[in-house]
Student: 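Take a look at this one; I'll ask things after.
Atoms within a ligand are numbered from 1 in the order they appear, just like the ligands themselves.
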Amino acid sequence: MAKIVEGSGGFREAYLQNADGAVRISEHGAHVLAYTPAGQHPLLWVSKEAVFRPGKAIRGGIPICWPWFGDHPTDPEKPAHGFARISEWEFGDVTDDSATLRLTDSDATRALWPHPFELQLAVTLGETLTVALTAHNRGDEPVTCTGALHSYFAVSKISNARVRGLQGCEYIDSIDNDTQKTQRGPISVSQEVDRIYIDTDAATVIRDAGLSREITIAKRGSRSTVVWNPWIEKAARMADFGNDEYERMLCIETANAANDVIEILPGKSHTLAAEISSST
Ligand code: TA6
């Protein structure tokens, strides 16, 4: 079943359902809001305080960070994580199994990033949810960009979660003066964690003992994986994040960040894709 309805904040939403599960996507930011595999608990987390209005990123689901990850490298006035997640996209084909959305350059985007482009998001609902962001360089100059599919996963309780797949990887520790470190063993969270794992194309697995579930995030076109939980103080500082909600979420972000910069030649494209599945 597939339908497009008026959803939160008055933005159109696509709702897809088939034998493998269900997914909801807002046209605002081409934002995947919900994904529930058949017979399972929802995989994605959205804050109860999330705000749905123009110019604001939705807190949770899968925000699209593009054409830069994090703060703009030189201009702090520009929106964090770029403009894709706060732009109004357009639905293309929507079926029971897939949906596409499209964003092209405009006066507003060119004021922030002076290059012609076309972005396409393709969401495919099968045993795996595939979310693929393709950036096409419509200009006659090479462009460089960073970005992420900034996925917020639902966990039973953060203390029940362990993350595998990044052992031995180098990471930049954003809460320790961007010090570069090496990951020893699985990741557990008992304080704010904000790490950019670099030079890795590895799949990441969240083991949730509370739900007896493993969420696997495989990826294509991504050389970085970001792991983030704001913990208590940072959660309390965010108006669109409930004070205790850090207990129920963990971000595993399929990215190209830090020095993992992507160059797209004129007329060429780059695809960043997350392939999300779970087993109980
Ligand atoms: O997930 C990594 C990160 O860059 C964190 O530093 C934190 O800022 C998070 O993204 C959320 O950013 P946002 O702009 O959505 O509040």
Side-chain angles (χ1 to χ4, degrees), residues 9 26 28-33 44-73 75-87 112-113 131 133 145-155 158 161 163 166 169 171-181 183 187 189 191-198 200 204 206 215 217 219 222-243 245-246 248-261 272 274 276:
S26 176
H28 177 59
H31 201 119
V32 177
L33 294 172
L44 300 177
W45 171 89
V46 175
S47 172
K48 294 182 180 61
E49 310 299 332
V51 173
F52 293 77
R53 63 168 159 74
K56 173 78 177 119
I58 300 164
R59 179 68 65 192
I62 306 180
I64 296 173
C65 305
W66 194 87
W68 59 84
F69 178 83
D71 294 334
H72 185 274
D75 183 348
E77 294 304 308
K78 292 186 175 178
H81 291 312
F83 50 74
R85 66 177 185 168
I86 54 175
S87 293
L112 293 169
W113 195 67
V131 180
L133 176 71
C145 56
T146 55
L149 298 171
H150 191 300
S151 307
Y152 289 74
F153 292 97
V155 295
I158 191 63
V163 177
L166 297 168
C169 292
Y171 67 91
I172 295 166
D173 189 343
S174 305
I175 62 163
D176 184 11
N177 302 311
D178 290 343
T179 308
Q180 186 162 320
K181 302 175 180 176
Q183 180 59 42
I187 301 163
V189 178
Q191 62 177 33
E192 181 182 358
V193 169
D194 192 350
R195 302 175 184 175
I196 302 173
Y197 289 82
I198 56 178
T200 172
T204 303
I206 303 173
I215 301 174
I217 306 101
K219 60 181 193 171
S222 160
R223 293 295 300 159
S224 321
T225 297
V226 180
V227 179
W228 180 56
N229 183 290
W231 206 246
I232 300 167
E233 286 77 21
K234 191 158 192 178
R237 290 201 300 269
M238 293 186 281
D240 62 345
F241 200 116
N243 289 353
E245 289 187 314
Y246 71 93
R248 295 256 191 264
M249 54 68 67
L250 180 61
C251 282
I252 300 291
E253 304 161 34
T254 304
N256 289 295
N259 294 332
D260 291 326
V261 176
L272 170 66
I276 301 166

Student: Of the non-hydrogen atoms in D260 and T146, which two are nearest, and what is the gap between them?
Tutor: O-CG2, 4.2 Å

Student: Could you name the option among E192, H81, E253, R237 that has the heavy atom nearest to atom 10 (O) of ligand 1?
Tutor: H81

Student: How about L33 and L44: do any of their side-chain heavy atoms sit closer than 4.5 Å?
Tutor: no

Student: Under the salt bridge (Lys or Arg N to Asp or Glu O under 4.0 Å) rule, what do R59 and D240 come out as? Steps first, then yes or no, please.
Tutor: CA-CA 7 Å; R59 179 68 65 192; D240 62 345; 3.2 Å; yes

Student: Which atoms of ligand 1 sit under 4.0 Å from any heavy atom of R85?
Tutor: 13 (P), 14 (O), 15 (O)

Student: What protein heavy atom sits nearest atom 16 (O) of ligand 1, and how far away is it?
Tutor: R59 NH2, 3.0 Å

Student: Flag D194 as yes when one of its N or O atoms lies below 3.5 Å from any N or O atom of ligand 1, and as no otherwise.
Tutor: yes

Student: Relative to each other, are the rings of F83 and W68 parallel, tilted or perpendicular (30° and 60° limits)?
Tutor: perpendicular

Student: Mind running ring-ring contact (aromatic ring centres under 6.0 Å, His included) on W45 and F241 for me, showing each step along the way?
Tutor: CA-CA 11 Å; W45 171 89; F241 200 116; 5.0 Å; yes

Student: Look at atom 8 (O) of ligand 1 and say which protein heavy atom is nearest, naming residue and atom and giving the distance to 0.1 Å.
Tutor: K234 NZ, 3.9 Å

